[in-house]
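Input: a single structure, listed below in structure tokens.
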Amino acid sequence: MYRAFLAGDKDGMLALMSEDVEVRFLGQVQLRGKEEASRFFDFAGGLLRDVDFTLEEIVVHGDTAAGIWHETATTTGGRLWENHGVDVIHVRRGQVVALHENNDVRKVHEHFPPYEPGFDNSGR
């Protein structure tokens, strides 16, 4: 999943997820299902540029993994972005059933607009 994320391959990430995947990005969204996850990934994908993401460690215990990370970037408004966190990923029968991204939510609220569930970047 991280390979797909780092390559900007949203479809590759979604291919690993169950149809009713639970996605939570702390301070931004909690949703269910690939379709909703896809819309959120489109929204979030436009918030930062020049991202330098470092996955420091992955810890696996049974069907749960934690990815410890930090990143720097530039926001679309031209401001410096730095954050760190841990993703908790639950896998069942080879598919991601839950992705919980935890980070410094103060930074999320300071730099990002709120997510609107009906977000559509297709121009429609």
Between [X] and [Y], is there a shared hydrophobic cluster once you connect ILVMFWY residues whose side-chain heavy atoms come closer than 4.5 Å?
X    : Y    : answer
F112 : Y115 : yes
L31  : L99  : yes
W69  : L26  : no
V23  : V105 : no
V108 : F41  : yes

Sequence neighbours excluded, every pair satisfying salt bridge (charged side-chain N to carboxylate O under 4.0 Å, His left out) that has a member inside residues 21-31: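 Listed once each, the pairs are E22-R32.
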Are side-chain heavy atoms of H111 and N83 found at a separation under 4.5 Å?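 Side chain of H111 against side chain of N83, heavy atoms only: no contact under 4.5 Å found.
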Side-chain touch D42/K10, heavy atoms, less than 4.5 angstrom: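 Heavy-atom side-chain distance check passes, below 4.5 Å.
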Side-chain polar contacts of residues 47-65 - donor-acceptor pairs under 3.5 angstrom, sequence neighbours left out - could you list them?
residue : atom : partner : partner atom : Å
R49     : NH1  : T75     : O            : 3.3
E56     : OE2  : H70     : ND1          : 2.3
T64     : OG1  : H90     : ND1          : 3.2

Measuring from atom CD of Q30 to atom CZ of F25, what distance do you get when rounded to the nearest 0.5 angstrom?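 Reported value, rounded in 0.5 Å steps: 12.0 Å.
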Within this structure, what is the CZ-CG distance for the pair R3 and D9, rounded to the nearest 0.5 Å?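 With rounding to 0.5 Å, CZ (R3) is 11.5 Å from CG (D9).
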Between N102 and V86, is there a donor-acceptor pair closer than 3.5 Å when you use the side chain of the first and the backbone of the second?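 Pair found, side chain donor or acceptor close to backbone of V86.
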Counting only heavy atoms not in Q95, do more than 12 fall under 6.0 Å of its CD?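 Correct, the count exceeds 12.
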Output side-chain donor-acceptor pairs under 3.5 Å for residues 13-20, partner residues at least two apart or in another chain, one line each.
residue : atom : partner : partner atom : Å
S18     : OG   : D20     : OD1          : 3.1
S18     : OG   : V21     : N            : 3.3
S18     : OG   : V96     : O            : 3.4

What verdict does the salt bridge (charged side-chain N to carboxylate O under 4.0 Å, His left out) test give for K107 and E110, after you've listed the backbone C-alpha separation in whole Å, the side-chain angles of each residue and the deciding distance to 0.1 Å? CA-CA 5 Å; K107 294 179 185 258; E110 178 183 347; over 6 Å; no
For the residue pair F5 and Y2, categorise the inter-ring angle as parallel (less than 30°), tilted (30 to 60°) or perpendicular (more than 60°).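 Taking Y2 first and then F5, their aromatic rings stand perpendicular (interplane angle over 60°).
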